[in-house]
Structure formats: structure tokens, C-alpha cells
Amino acid sequence: MQRRRFLRVSLWGSAALLGFYGLARLQREDRRLPASIAARLRCLSGKQGRILQAVALRILAGADPDPAIDGAHTQLLFIDGYLDRLADPLKDDVRALLELLEYSPLLRHGRRFSTLDGAQQDQVLQGFEHSRFDLLRQGFFALKSLCCLAHYQDERSFAAIGYSGPLLRR
């Protein structure tokens, strides 16, 4: 390749990358957790909490009572407290899984998971659920289990499943 052609290709490639970066910045939606919720997180960062909140809202869609009523904050705080009691390597694995989930749709959708609409988030989650890689499938089922555990430990969900509650209260 001649030097001029190399420079021209490099210049156009750089311009294209800058253009994509600019488009990504324009599409950025700043969906932060409310400060009152972010301040109560002990294990996850605010960003990781936002990712987990988006996951919980998709996995628990249609559950009774609807987690969207409070933005899945109840589930998020329960999961954060649960993770806080785990060993550090497990916490790190969940954090890494959330980061992977957040950035995996960039190539296909051009946006992060937490900024996608519900249908696109469902596609990404189904991709993890049916992945040919065991680790991604296991990660999906871990997140699903955490979300369901968080939802069904909430007393507001007892009536929907016909559970009268624990016999002994703490």
C-alpha cells in the first residue's frame, strides 16, 4: 500500500470513528438512579445498580405486583444487600457480568443495554439465555435467580402466589 493511500484510508477511518463516537454521545440517555437509592447501595456502583435495575424490570415484567411501580428499587436494594454478604470473588463476578451485559449490545444496536428499549433488552437477555457459551447462559440464570429471589421475598408478592407469609416473624 502506498503511503498516500495509507494516509487517506487512515484519515477516513479516523473520521468515521469520530463520527460514530459523536453519534453515540448524541444518543446517550442519562438514566441515573435516584440519589436516595444510589446512596444506599453497598456492593454495586450506581452504574451497576442502573444496569441491574434494567435487568430486573425486563426479567420481572408481568410479575404481580409490577416491579415498575417503584422502578424495581426494592429488588435492586435486596440484591445489593444479598451480594454484599457474598465472598469478594463472587461479587467481582457479578459486577463483571453486569458490565459485560451493559456493553455487549454496542456492536449490534449501537447503544448500551441500559439505554435500549424493552424489546431490544429482551433480545440481548435472550441472547445470553440461549448462548452457545455456558458462561453466558450461567450468568443469565444467575441474574434471573437473583431477580426472582428479590421479587418473591417481598411481602407485596405473597398474595399473588397464594402464600400467606412466614409462620414466624423475625
Side-chain angles (χ1 to χ4, degrees), residues 27-87 90-106 108-109 111-170:
Q27 288 181 348
R28 173 184 253 176
E29 292 180 39
D30 196 15
R31 297 181 183 176
R32 296 176 191 249
L33 287 174
S36 61
I37 300 297
R40 293 170 56 190
L41 295 177
R42 296 184 308 237
C43 178
L44 300 173
S45 69
K47 176 183 163 192
Q48 293 162 345
R50 186 183 72 243
I51 300 164
L52 185 58
Q53 176 189 30
V55 169
L57 287 170
R58 296 315 311 153
I59 288 177
L60 298 171
D64 188 25
D66 188 359
I69 292 170
D70 72 346
H73 295 153
T74 304
Q75 289 81 7
L76 172 61
L77 292 172
F78 176 84
I79 294 170
D80 181 69
Y82 182 85
L83 292 175
D84 194 45
R85 293 186 295 271
L86 296 178
L90 289 173
K91 291 179 198 178
D92 292 340
D93 287 348
V94 173
R95 290 182 191 122
L97 174 63
L98 290 171
E99 295 292 336
L100 175 64
L101 182 63
E102 175 74 345
Y103 292 104
S104 64
L106 274 178
R108 183 171 184 186
H109 298 286
R111 296 172 57 195
R112 297 183 322 262
F113 179 82
S114 60
T115 62
L116 296 174
D117 64 37
Q120 291 171 324
Q121 287 177 341
D122 287 344
Q123 280 181 335
V124 173
L125 289 172
Q126 286 171 358
F128 271 57
E129 181 180 20
H130 301 292
S131 174
R132 64 185 176 136
F133 300 108
D134 292 337
L135 216 53
L136 293 181
R137 285 195 314 271
Q138 290 170 356
F140 170 79
F141 287 111
L143 290 175
K144 183 176 180 179
S145 298
L146 285 171
C147 291
C148 290
L149 176 66
H151 181 71
Y152 290 111
Q153 64 77 37
D154 185 357
E155 290 182 8
R156 297 176 297 174
S157 70
F158 292 175
I161 58 174
Y163 178 55
S164 60
L167 296 175
L168 298 174
R169 302 263 180 198
R170 286 193 243 168

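In this structure the side chain of L149 never reaches within 4.5 angstrom of the side chain of I79, judged on heavy atoms. Here the side chains of L116 and R58 are not in contact, with every heavy-atom distance at 4.5 Å or above. When side chains are defined from C-beta on, Y152 counts as touching I161, because their heavy atoms get closer than 4.5 Å. Side chains of L86 and V94 form no contact here, defined as non-hydrogen atoms less than 4.5 Å apart. The shortest distance between side-chain heavy atoms of L33 and L41 falls below 4.5 Å. Between S114 and E102 the shortest side-chain heavy-atom distance falls below 4.5 Å. Contact check for V124 versus H109: side-chain heavy atoms found under the 4.5 Å cut-off. P34 has its side chain within reach of H73: a pair of non-hydrogen atoms, C-beta onward, lies under 4.5 Å apart.
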**Message:** Apply side-chain contact (heavy atoms from CB on, under 4.5 Å) to residues R112 and Y103 and explain how you reach the verdict.
**Reply:** CA-CA 5 Å; R112 297 183 322 262; Y103 292 104; 3.4 Å; yes
Between Q75 and D70, is the side-chain contact (heavy atoms from CB on, under 4.5 Å) condition met? List the steps. CA-CA 10 Å; Q75 289 81 7; D70 72 346; 4.2 Å; yes
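Between atom CD of residue Q153 and atom CZ of residue F158 there is a gap of 7.5 Å, rounded to the nearest 0.5 Å. Within the model, atoms OG of S131 and CD of Q126 stand 13.0 Å from one another, a figure rounded to the nearest 0.5 Å. Rounded to the nearest 0.5 angstrom, I51 CD1 and L44 CG are separated by 9.0 Å. Between the CG atom in D154 and the CZ atom in F78 there is a gap of 10.0 Å [rounded to 0.5 Å]. Atom CG in D92 sits 12.5 Å away from atom CG in L97 (nearest 0.5 Å). Considering OG1 of T74 and NE2 of H151, their distance stands at 10.0 Å, rounded to 0.5 Å.
More than 12 heavy atoms of other residues, nucleotides or ligands shown are found within 6.0 angstrom of CZ on R95. Shown here is K144, whose NZ atom has no more than 12 heavy atoms of other residues, nucleotides or ligands within 6.0 Å.
Of all heavy-atom pairs between D80 and R42, the closest is OD2-N, 2.6 Å. L83 approaches C43 most closely through the heavy-atom pair CB-SG, 3.8 Å. Contact record, K47 with E99: NZ-OE1, 3.1 Å, taken as the closest heavy-atom pair. Between L98 and Q48, the shortest heavy-atom contact is CD1-O, 3.9 Å. L125 and F140 get closest at one heavy-atom pair: O-CD1, 3.7 Å. Across P65 and S157, no two heavy atoms sit closer than the pair CD-CA, 3.6 Å.
In this structure, the side chain of R85 engages the main chain of G81 through a donor-acceptor pair within 3.5 Å. Side chain of R50 to main chain of R32: no donor-acceptor pair is present (N/O by atom type, distance under 3.5 Å, no hydrogens or angles). Not a single donor-acceptor pair under 3.5 Å links the side chain of E129 to the backbone N or O of F141.
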